[in-house]
Amino acid sequence: MNHARDLLERTPDNELGKMILELGCYALRVRNEYRWRTRDREALPKGETIKSVVSLALERVLAGERRWNPAQQPDFMKFMRDVIDSLINHLARSKDNALLTTLPEEGGQDEISWRAESYKTRSGAEWLARSEATPEQALLDEESEEQKNKAIRILLDECVADQTLTQIVGAMLGGCDHCGEIADAVGIEVKEVYNAMKRLDRRVASVSRRMAD
């Protein structure tokens, strides 16, 4: 039985859209924890992008390649974030990103030593560096991640009646920083983006109040 497929098929379209936006935001943050050979914030190795990584994660889950067991992992979104972690990690370790560097076996002692020493001495290989956190820091990071995801969910709820604003938030979560980029991504005029930002400021203030409560 594919529990993930059953859950996704029962999920309303608007909730599914918010789920995909949230996963895209998470994938972008994970992507930024690594260094990439291309140094292109949009492009990933093997021609992948943030959007395609999220799509690939969903495809693998729907196809049963990655199986969700609600009894072992009740939080479906945590399960999906783990799938995205795995996909981006494999991209970071791919030949497309590693040039001529031979990577040690993942998770072994050699990899730990390689991470600790290799980047100190090898110029040009720094794009694969990812900081090693202590267990305490990892716990704090996980709590911070949950807070960020909660804030995003609340913000998307606040914007649900405003389709343009929802699209703008999606573009921003996807990495668009400037009004021109957002306008191109959404397909509207820059002036509309400026007007929507005023509405977004009010929504963000509301989210801040709700988070404080």
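Quick caveat, the model's predicted, so the values are computed rather than measured. Along the sequence shown, residues carry numbers from 1.
The backbone N or O of Glu48 lies less than 3.5 Å from no partner atom in the side chain of Ser52, so there is not a single donor-acceptor pair. Judged purely by atom type and a 3.5 angstrom limit, Asn2 uses its side chain to pair as donor or acceptor with the backbone of Leu62.
In this structure, CG on Leu165 lies 11.5 Å from CG on Asn195, to the nearest 0.5 angstrom. Residue Ile154 holds its CD1 atom at 8.5 Å from OG of Ser206, rounded to the nearest 0.5 Å. Interatomic distance, Tyr26 OH to Ile152 CD1, rounded to the nearest 0.5 Å: 12.0 Å. Note that CG of Leu200 and CG of Leu155 are 6.0 Å apart. Values are rounded to the nearest 0.5 Å. Separation of atoms CG (Leu156) and CZ (Arg203) is listed at 12.0 Å; rounding is to 0.5 Å. Met172 CE to Leu21 CG: the interatomic distance, rounded to the nearest 0.5 Å, is 12.5 Å.
Here Arg81 does not pair with Asp85 in a salt bridge; the nearest charged N to carboxylate O distance is not below 4.0 Å. Salt bridge status for Lys18 with Asp157: present, with a side-chain N to carboxylate O gap under 4.0 Å. Between Arg210 and Glu158, at least one side-chain nitrogen of the basic residue sits less than 4.0 Å from a carboxylate oxygen of the acidic one, meeting the salt-bridge criterion.
Between His3 and Trp68, the ring planes lie perpendicular to each other; the angle is over 60°, past the 30° to 60° tilted range.
The shortest distance between side-chain heavy atoms of Arg31 and Leu91 does not fall below 4.5 Å. Two residues are said to be in side-chain contact when any heavy atoms from C-beta on lie closer than 4.5 Å; Ser86 and Arg66 meet this criterion. Between Thr164 and Val193, the closest side-chain pair of non-hydrogen atoms is not below 4.5 Å.
Residue Glu189 places its CD atom among 12 or fewer non-hydrogen atoms of other residues, nucleotides or ligands, all under 6.0 Å distant. Enclosure of atom CD in Glu65 by more than 12 non-hydrogen atoms of other residues, nucleotides or ligands within 6.0 angstrom is indicated. Atom CG of Asp201 has more than 12 heavy atoms from other residues, nucleotides or ligands within 6.0 Å.
Side-chain atoms of Glu15 and Thr11 include no donor-acceptor pair closer than 3.5 Å.
In terms of hydrophobic clustering, with Ile, Leu, Val, Met, Phe, Trp and Tyr side chains grouped at heavy-atom distances under 4.5 Å, Leu16 and Val160 are assigned to different clusters. Residue Tyr194 is not grouped with residue Val169 when hydrophobic side chains (ILVMFWY) are merged at heavy-atom distances under 4.5 angstrom, including chains of intermediate members.
Of the candidates Ile50, Leu28, Val53, Val54, Val54 is the only one forming a side-chain contact (heavy atoms from CB on, under 4.5 Å) with Leu23.
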